[in-house]
Amino acid sequence: MSQIVQPTRRAARKPTDWWRWAGRLTLVLLLIFTVLPMLWMVLTSIKTQFAALQYPPQWWPAEPTLSNYWRLINPADSIGQEFLLYFWNSFYVSLLSTILGVIIAVPAAYAFSRFRFPGRSLLFFGVLVRNMFPAVVFLMPLFLLMRWMGLVNTHGSLILTYLTFGLPLSIWLLKGFFDNIPIQLEQAARIDGATRFQAFLLIVLPLSTPGIIATSIFSFIGAWNEYVYAYTFLSKQNTMTLPVGIQRFFTEFATDWPGLMAATFLMSVPVVVLFLVLQKYFVRALTEGAVKH
């Protein structure tokens with residue numbers, strides 16, 4: 001009985017995917033480019049003023065201290081009083097502008113998504129046109145308008161301004177999310193006797209919660225980090241927001257770099273906490289918004 005000998009085949013080597021490795025290398029470089037400044041900021045915030053100005057600079061301070069943070073959060077300290085006031089002003093303006101923006105953007109986006117009316121496309125395009133121009137273009141017209149309305153040096157000027165710049169993006173994001181909610185769900189609720197408003201309130205609104213949360217995050221971050229309009233509209237110390245207030249660490253003769261880095265780090269904490277707490281809703285909004293039902 002003849003024995004059949006099968007020829008041995010050399011295992012084919014899998015070709016190297018250079019594009020994948022190039023992508024990984026790019027991500028690593030971007031991560032280093034992003035993390036290193038933040039790491040230097042945190043390490044500088046736990047240094048003394050002398051150690052921060054030391055040359056050559058040292059990454060890890062010989063005597064780390066948290067006194068810079070304690071000065072900022074201590075209400076008994078004059079610097080702490082100012083920082084906490086700026087922090088509250090930023091939180092108040094950002095939260096109120098976000099809430100008002102969502103209240104206005106939700107029905108506007110729903111109208112663009114569900115209703116058909118003359119000039120609908122032109123009006124929706126007009127809403128997005130504002131994003132084609134840089135924010136500084138509207139600085140002087142808005143300042144003159146706020147001065148005419150008597151809102152300079154008030155938080156109302158910032159809230160109205162942030163609404164102006166946040167609504168186009170909010171309406172555009174929410175419209176795309178409403179488009180992906182099947183209209184048959186509303187039709188079934190209408191057949192069962194619900195009004196259009198009840199169908200929107202009980203059916204559409206709960207399903208659009210991830211999109212509303214994602215839009216709120218974008219609006220809050222934009223208002224929290226805004227500097228140019230806050231610097232232009234506010235000159236009184238008791239009305240300043242945090243991006244404008246931390247410039248008080250710069251003086252004519254010296255700069256308190258450890259205090260400035262500590263204030264910057266504390267300023268980033270609410271945004272990071274907000275994103276971490278609401279991350280699952282944010283990711284859900286992005287994934288559901290990418291699928292057309």
Exercise. Is there side-chain contact between W21 and R24, with at least one heavy-atom pair below 4.5 Å?
Worked result: yes
For this session: Any chance you could pull the hydrophobic cluster mates of V35, using side-chain heavy atoms under 4.5 angstrom and chaining through other members?
Result: L31
Exercise. Just wondering, do F265 and N68 contact through their side chains at under 4.5 Å, heavy atoms?
Worked result: no
Problem set entry | Summary of side-chain hydrogen bond (donor to acceptor under 3.5 Å, both in side chains) pairs that have at least one residue in residues 157-177, sequence neighbours excluded | Y162-E226, S170-S219, K175-D179
For this session: Would you mind listing every side-chain hydrogen bond (donor to acceptor under 3.5 Å, both in side chains) that reaches into residues 140-154, with sequence neighbours excluded?
Result: N153-S235
Problem set entry | Residues in side-chain contact (heavy atoms from CB on, under 4.5 Å) contact with P107, at least two apart in sequence or another chain | none
For this session: May I have all residue pairs that pass salt bridge (Lys or Arg N to Asp or Glu O under 4.0 Å) and include part of residues 259-279, sequence neighbours excluded?
Result: none
For this session: Please list, chain by chain and in numerical order, all residues satisfying salt bridge (charged side-chain N to carboxylate O under 4.0 Å, His left out) with R114, sequence neighbours excluded.
Result: E186
For this session: Name all residues meeting the ring pair (Phe, Tyr, Trp, His ring centres under 6.0 Å) criterion together with Y231; count only those two or more places apart in sequence or in a different chain, and write none if there are none.
Result: Y227
Problem set entry | Residues that L29 engages under side-chain contact (heavy atoms from CB on, under 4.5 Å), provided they are two or more places apart | L25
Seminar exercise, completed: Quick note, ring-ring contact (aromatic ring centres under 6.0 Å, His included) partners involving residues 88-114, not counting sequence neighbours, are Y92-H155, Y110-F178, Y110-F200, F112-F124
Exercise. With a cutoff of under 4.5 Å between side-chain heavy atoms, which Ile, Leu, Val, Met, Phe, Trp and Tyr residues group with I183?
Worked result: none
Exercise. How many angstroms lie between atom CG of N238 and atom CG of N89, to the nearest 0.5 angstrom?
Worked result: 7.5 Å
For this session: Mind checking ring pair (Phe, Tyr, Trp, His ring centres under 6.0 Å) for F83 and listing every partner two or more places apart, or none if nothing turns up?
Result: none
Exercise. Does some side-chain heavy atom of L260 sit less than 4.5 Å from a side-chain heavy atom of W257?
Worked result: yes
For this session: Please list, chain by chain and in numerical order, all residues satisfying ring pair (Phe, Tyr, Trp, His ring centres under 6.0 Å) with Y86, sequence neighbours excluded.
Result: none
Problem set entry | Donor-acceptor pair, side chain of S90 and main chain of F87, under 3.5 angstrom | no
Exercise. Do W224 side-chain atoms and M267 backbone N/O form a donor-acceptor pair below 3.5 Å?
Worked result: yes
